[in-house]
Amino acid sequence: MTKNQIDYVTCVIGALALMTGKSCSWIYQKLHAAGLIKDYLAAAYDVLHTLSLEYVAEDVIKLMKKNGHALC
């Protein structure tokens, strides 16, 4: 991942932590286990970083629920 992708993933994790009341490390572990950091957030960075963090965080929550890995 590039530095920009790492910074972006960090921001999304922070937004998810605020939305769910969970710790950033817990969010990271769940996203990493589900493969969403590499396969979604980093892979689609070019498009996702143009959207609001709130929108992307809500999308990640929906993806996690769909895959049986609820964040909240």
Side-chain angles (χ1 to χ4, degrees):
M1 281 196 296
T2 68
K3 181 184 180 327
N4 287 342
Q5 288 171 318
I6 293 168
D7 290 345
Y8 180 72
V9 169
T10 302
C11 287
V12 172
I13 289 171
L16 284 164
L18 288 174
M19 291 175 79
T20 63
K22 307 288 186 186
S23 71
C24 290
S25 61
W26 188 87
I27 296 289
Y28 171 81
Q29 290 172 357
K30 294 296 182 180
L31 294 181
H32 182 71
L36 288 183
I37 292 176
K38 179 183 172 191
D39 297 335
Y40 180 62
L41 294 174
Y45 167 78
D46 290 340
V47 174
L48 293 177
H49 86 280
T50 65
L51 305 171
S52 73
L53 283 175
E54 182 180 18
Y55 177 85
V56 174
E58 289 173 357
D59 195 43
V60 169
I61 289 170
K62 289 177 189 173
L63 281 170
M64 292 292 285
K65 282 182 184 176
K66 181 180 174 184
N67 293 327
H69 302 282
L71 293 177
C72 43

Exercise. Is there a side-chain contact (heavy atoms from CB on, under 4.5 Å) between V12 and L48 once you walk through the steps?
Worked result: CA-CA 10 Å; V12 172; L48 293 177; over 6 Å; no
Problem set entry | Atom CD of E54 with >12 non-hydrogen neighbours under 6.0 angstrom | no
Might you point out which heavy atoms bring [X] and [Y] nearest each other, and give the distance in Å?
X   : Y   : value
D46 : T50 : O-CG2, 3.8 Å
Y8  : H49 : CE1-CA, 3.7 Å
L53 : A15 : CB-CB, 4.3 Å

If you round to the nearest 0.5 Å, how far is [atom2] of [Y] from [atom1] of [X]?
X   : Y   : atom1 : atom2 : answer
L36 : L16 : CG    : CG    : 10.0 Å
L31 : K38 : CG    : NZ    : 15.0 Å
C11 : L41 : SG    : CG    : 11.5 Å

For this session: Output all residues satisfying salt bridge (charged side-chain N to carboxylate O under 4.0 Å, His left out) with K66, sequence neighbours left out; order by chain, then residue number.
Result: none
Problem set entry | salt bridge (charged side-chain N to carboxylate O under 4.0 Å, His left out) partners for D59, two or more places apart | none
For this session: Any pair with a residue in residues 4-32 that passes salt bridge (charged side-chain N to carboxylate O under 4.0 Å, His left out), sequence neighbours left out, goes on the list, sorted by first then second residue, please.
Result: K3-D7
For this session: Determine the sole option in N4, T2, V9, T10 for which the side-chain contact (heavy atoms from CB on, under 4.5 Å) test with I6 is passed.
Result: T10
For this session: Step by step, work out the side-chain contact (heavy atoms from CB on, under 4.5 Å) result for I61 and T20.
Result: CA-CA 9 Å; I61 289 170; T20 63; 4.3 Å; yes
Problem set entry | For Y40, all residues meeting ring-ring contact (aromatic ring centres under 6.0 Å, His included), sequence neighbours excluded | none
Seminar exercise, completed: Those residues at least two apart in sequence (or on a different chain) that pass ring-ring contact (aromatic ring centres under 6.0 Å, His included) with H32 are Y28
Seminar exercise, completed: With sequence neighbours left out, the residues meeting side-chain hydrogen bond (donor to acceptor under 3.5 Å, both in side chains) with S25 are S23
Exercise. What about I13 and M1, same hydrophobic cluster or not, with Ile/Leu/Val/Met/Phe/Trp/Tyr joined at side-chain heavy-atom distances under 4.5 Å?
Worked result: yes
